[in-house]
Q: 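Following this message is one structure expressed as structure tokens.
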There are 2 protein chains.
Amino acid sequence: MGVIRKTKSVTTILSYFSDGHEAISVVDLVERLSDEMNKTTVYRVLDRLEDEGLIHSFSGAKGLTWYAKCHDCSSHHHQDVHPHFECKECGKVECLDVSIELPQINNRHIETADVLLTGQCDDCKNL
Amino acid sequence: MGVIRKTKSVTTILSYFSDGHEAISVVDLVERLSDEMNKTTVYRVLDRLEDEGLIHSFSGAKGLTWYAKCHDCSSHHHQDVHPHFECKECGKVECLDVSIELPQINNRHIETADVLLTGQCDDCKNL
DNA sequence: TGTATTTTTGCAACTTAGTTGCATTAAATT
DNA sequence: AATTTAATGCAACTAAGTTGCAAAAATACA
């Protein structure tokens, strides 16, 4: 228990997560894998991979769910507190490798912080 | 032009936004107003109010859309860069009155920042 | 090995937030 | 009052994500 079974679906989906910081949306993944596996399987495999701390999910600007490889997460505690960036021109979404400085909030116990930055990536900025 | 027409729907919906920082989800608003107006109207009125800078929208933890009163927004530029807080116990969502310090990101032009903090509010913390 | 058990997958149907087209009503303009 | 413009209701739709159940695949174990 606590170990991902390397089924064909798992291996295929994992191959979409490069070592970089780029994220992929579930919708995109479902579309690309549409003639290889069912969308339910995609959703469930992603769930499992996130439970095991291999990938993490977050919401993009339009409310879609994105996944990216974890670099410093464990099964039950996703420590990777970093911002995500979505380019409003080309749609690329990625994890930024900087730490977020969380404000101290009176009388509240903060457990998670989701930071989504939107703007233009380098490529689109220079067009 | 550029001014909200104070129709019955507008007045009713505006009355749901107190002077405080508490937010309300669209789903909740649609439900509460279900025998007063159509859900399409709720969506459209909220759109207009946001266009005019009276309220602002953001996504909560479960991907739902929430609205809260603007304190420092204008029609085309929502300056109010503050974090939102969602209590995972009672579900309350609110705007936090602190400034977010955005990290400097190389080679990217950041236009907006959405920060969602989740945890326990004061009430739920002390149960 | 073969059989029983558990996990994974596919499929179809469903749920739900949000949108759209269009006809109707209401408000503003002249 | 007549005309134009904007707001609303309604029904049907879209799309992301979920669920139940049966079939298939992987694992355990005698």
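All chains are named by letter (A, B, ...) in the order of the sequence lines, taking the proteins before the strands, and each is independently numbered beginning at 1.
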Q: Of B/Thr7 and A/Asp47, whose closest DNA chain D nucleotide lies nearer the 5' terminus?
A: B/Thr7

Q: Between C1' on C/dA28 and CZ on B/Arg5, what's the gap in Å once rounded to a whole number?
A: 6 Å

Q: Can you find a pair of side-chain heavy atoms, one from B/Val98 and one from B/Pro83, that are under 4.5 Å apart?
A: yes

Q: Give the nucleotide from the list C/dG18, C/dT9, C/dA17 with an atom nearest to the side chain of B/Leu64.
A: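 It is C/dA17.
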
Q: If you compare every side-chain N and O of A/Arg44 against the phosphate oxygens of C/dG10 (OP1, OP2), does one of them come in below 4.0 Å?
A: no

Q: So, OP1 or OP2 of C/dG18: does either fall under 4.0 Å of a side-chain N or O from B/Thr65?
A: yes

Q: In plain terms, say whether B/Lys92 and B/Glu22 are close enough for a salt bridge, that is, a side-chain N and a carboxylate O under 4.0 Å apart.
A: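 Salt bridge absent between B/Lys92 and B/Glu22.
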
Q: Could you state the atom-to-atom distance from CG of B/Leu29 to P of C/dA17 in whole Å?
A: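 Distance check: B/Leu29 CG to C/dA17 P gives 13 Å.
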
Q: Is it true that B/Glu52 and B/Arg5 make a salt bridge, defined as a side-chain N closer than 4.0 Å to a carboxylate O?
A: no

Q: Which whole-number value in Å describes the distance from A/Lys39 NZ to C/dA13 C1'?
A: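 Taking atom C1' of C/dA13 as the reference, NZ of A/Lys39 is at 11 Å.
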
Q: Can you measure B/Leu46 atom CG to C/dA17 atom C1' for me and round it to whole angstrom units?
A: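 One finds 13 Å between C1' of C/dA17 and CG of B/Leu46, rounded.
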
Q: Under 6.0 Å from the CD atom of A/Glu31, do we count more than 12 heavy atoms belonging to anything else shown?
A: no

Q: Hey, what's the ring geometry for B/Tyr67 with B/Phe17, parallel, tilted or perpendicular (30° and 60° as the breaks)?
A: perpendicular

Q: With B/His56, which of B/His84, B/Lys69, B/His71 fulfils side chain to side chain donor-acceptor pair (under 3.5 Å)?
A: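 So, applying the side chain to side chain donor-acceptor pair (under 3.5 Å) to B/His56 and each of B/His84, B/Lys69, B/His71, only B/His84 qualifies.
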
Q: Using whole Å, report how far CG of A/Asn38 lies from C1' of C/dA13.
A: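 In whole Å, C/dA13 C1' lies 12 Å from A/Asn38 CG.
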
Q: One pair to check against side-chain contact (heavy atoms from CB on, under 4.5 Å): B/Glu50 and B/Leu46. What are the steps and the verdict?
A: CA-CA 6 Å; B/Glu50 183 168 38; B/Leu46 290 171; over 6 Å; no

Q: Grab the CD1-C1' distance between B/Ile4 and C/dA28 for me, whole Å please.
A: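 Interatomic distance, CD1 of B/Ile4 to C1' of C/dA28: 16 Å.
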
Q: Rounding to an integer number of Å, can you tell me how far A/Glu52 CD sits from C/dT8 P?
A: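 From A/Glu52 CD to C/dT8 P: 10 Å.
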
Q: Touch check for B/Val45, heavy atoms < 4.0 angstrom, all strands: base, sugar-phosphate only, or nothing?
A: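 Answer is sugar-phosphate: B/Val45 comes under 4.0 Å of backbone atoms only.
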
Q: Would you grab the first and last nucleotide of DNA chain D (5' to 3') that comes under 4.0 Å of any non-hydrogen atom in chain B?
A: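 For DNA chain D, the relevant span reads D/dA6 to D/dA11.
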
